[in-house]
Amino acid sequence: MFALMQGSRAESLHMVCDPQVGLKAVVAIHSTRMGPALGGCRFLAYPDEDSAIEDALQLARNMSYKAVLAGLPLGGGKAVIMRPPQLHDRSALFEAFGRFIETLAGRYITAVDSGTSSADMDSVARHTRNVTSTSEEDDPSLFTAMGVFAGIRTTALARLGSDNLEGLRVAIQGLGHVGFPLAERLHAAGADLLVSDLDSSKVQRAMEAFGAHPIACEALLSTPCDILAPCGLGRVLNGQSVPQLRCAAVAGAANNQLSSLQVADQLEGRGILYAPDYVINSGGLIDVALRHSGESLATITAHLSRIGLRLTEVYAHSQAEKRSPARIADALAERLLHVD
Ligand code: NAD
């Protein structure tokens with residue numbers, strides 16, 4: 001466990017076990033140097049405890065990097081609750097989790113993530129104020145989509161010489177909470193959409209609303225396009241998929257798109273510009289963080305413009321240093337966080 005912590009340079013790791021409600025949870029705090037660590041809470045079945053800890057540590061580090069590059073006064077953390085095989089009382093489990101969060105005295109603020117809902121956050125909120133994305137708040141996905149849209153413009157300018165999206169072929173993998181509103185914005189800007197989703201009804205909706213072209217899920221990554229926007233699950237960019245890509249750039253919302261940093265070098269070698277995921281998808285975090293501290297909608301929207309500026313900076317360094325934007329973004333975040 002300590003080796004895992006050292007590997008991800010985490011500040012602290014907290015655990016709770018409450019057999020009465022079936023709660024086994026880990027909170028990984030990567031850094032509180034810039035402010036309290038904000039990050040979602042996953043509720044998933046894990047094969048073992050080490051995998052849960054590893055997931056929390058890696059995700060917490062990404063949250064720190066995301067927050068610092070978005071210019072937010074926040075650190076990075078993540079919670080993972082190991083989903084029990086049988087769940088008797090969901091709200092009791094999340095209430096117990098809320099009591100645990102309260103013991104961390106504000107060093108960690110939790111939020112919705114894979115497997116959790118705003119109703120779960122309502123249960124957490126009965127015992128702590130260090131929670132966001134309750135049912136009283138709006139879904140931040142729209143802000144994520146707005147940020148990704150701005151990031152696609154910046155990426156098109158850097159790679160193709162123009163941020164005019166008219167006629168640009170954008171392939172979107174996943175038409176969920178982020179992918180669908182992103183498609184809406186791209187369509188309004190004149191882009192030609194190629195879309196896939198495991199759920200065919202979402203594809204049908206995009207065909208009807210935006211004249212999108214349906215692509216089979218297994219064919220999307222190798223479909224010729226200008227920009228590939230992964231908006232489904234993580235690790236879509238790996239040793240198998242990268243040689244098949246037929247795009248000029250990858251710029252999408254999914255977290256953890258790269259299976260490893262070596263894959264980023266492979267993309268660079270193929271001349272495919274990669275928008276680091278935690279930079280381009282930070283719109284939702286910006287929304288959640290600023291709303292939690294009481295900022296207005298106008299301030300939140302204005303803050304989103306930092307995404308494009310940060311990407312421009314990353315691409316400029318990448319070109320000058322001939323290193324992948326993923327490595328540049330990591331190095332920039334580490335410098336800002338004073339990681340040795
Ligand atoms: P979602 O669950 O609402 O949508 C994901 C969609 O992708 C679903 O419709 C699913 O059917 C589809 N999908 C999954 N695998 C696919 C595949 N192989 N091929 C085609 N379609 C596939 O999730 P979301 O909230 O839209 O988030 C999308 C991604 O963006 C996730 O990786 C998430 O972690 C990341 N992200 C989301 C936010 C946010 O604000 N929601 C913020 C930052 C990052």
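Remember, it's 1-based here, ligands and their atoms both numbered in the order they're listed. Owing to the predicted nature of the structure, the values given are computational and were not obtained by experimental measurement.
Close approach of ligand 1 to A254 (heavy-atom distance below 4.0 Å) involves ligand atoms 29 (C), 30 (O), 32 (O), 35 (C). Every atom of ligand 1 with a heavy atom of K202 under 4.0 Å away is listed here by number and element: 8 (C), 9 (O). Near G232, meaning under 4.0 Å from any of its heavy atoms, are these atoms of ligand 1: 7 (O), 28 (C), 29 (C), 31 (C), 32 (O).
A salt bridge between D113 and K78 is present, with a side-chain N of the basic residue lying under 4.0 Å from a carboxylate O of the acidic one. Salt bridge absent: D192 and R169 never bring a charged side-chain N and a carboxylate O closer than 4.0 Å. Using a 4.0 Å cut-off between a side-chain N of Lys or Arg and a carboxylate O of Asp or Glu, D330 and R61 qualify as a salt bridge. For the pair K24 and E49, the salt-bridge criterion is met [side-chain N within less than 4.0 Å of a carboxylate O]. We find that E102 and R129 are not joined by a salt bridge, their nearest charged nitrogen and carboxylate oxygen being 4.0 Å or further apart.
At the shortest separation from atom 18 (N) of ligand 1 among protein heavy atoms lies Q173 NE2, 3.8 Å. Of the protein's heavy atoms, G176 CA, 3.2 Å lies nearest to atom 4 (O) of ligand 1. Protein heavy atom nearest atom 43 (C) of ligand 1, with residue, atom name and distance: N281 O, 3.6 Å. In terms of protein heavy atoms, atom 41 (N) of ligand 1 is closest to S141 OG, 3.1 Å. The shortest contact between atom 3 (O) of ligand 1 and any protein heavy atom is with H177 ND1, 2.6 Å.
Looking at ligand 1, you'll find an N or O of T144 within less than 3.5 Å of one of its N or O atoms. Any N or O atom pair closer than 3.5 Å counts here, and K66 shares no such pair with ligand 1. Inclusion of C217 in the set of residues having an N or O under 3.5 Å from an N or O of ligand 1 is not warranted.
Under the 6.0 Å cut-off for aromatic ring centres, F100 and Y108 do not qualify, their centroids lying 6.0 Å or more apart.
The shortest heavy-atom distance from G234 to ligand 1 is not under 4.0 Å.
Heavy-atom proximity to atom 35 (C) of ligand 1, evaluated over C231, A253, G179, is greatest for A253. The residue among D139, L198, V148 with a heavy atom at the shortest distance from atom 22 (C) of ligand 1 is L198. When the options V178, L175, D277, N255 are ranked by their closest heavy atom to atom 27 (O) of ligand 1, first place goes to V178. The heavy atom nearest to atom 21 (N) of ligand 1, out of those in L233, V236, N62, D197, is found in D197.
Side-chain contact check for R310 versus V279: some heavy-atom pair is nearer than 4.5 Å. Residues L57 and M5 meet the side-chain proximity criterion, which asks for heavy atoms closer than 4.5 Å.
Residues E137 and T134 have side chains that bring a donor and an acceptor to within less than 3.5 angstrom of each other. For the residue pair S117 and D120, a side-chain donor N or O sits within less than 3.5 Å of a side-chain acceptor on the partner.
Proximity of atom 15 (N) of ligand 1 to the protein is indicated by at least one non-hydrogen atom lying closer than 4.0 angstrom.
F180 carries R205 over the face of its six-membered ring, with the cationic atom under 6.0 Å from the centre and within 45° of the normal.
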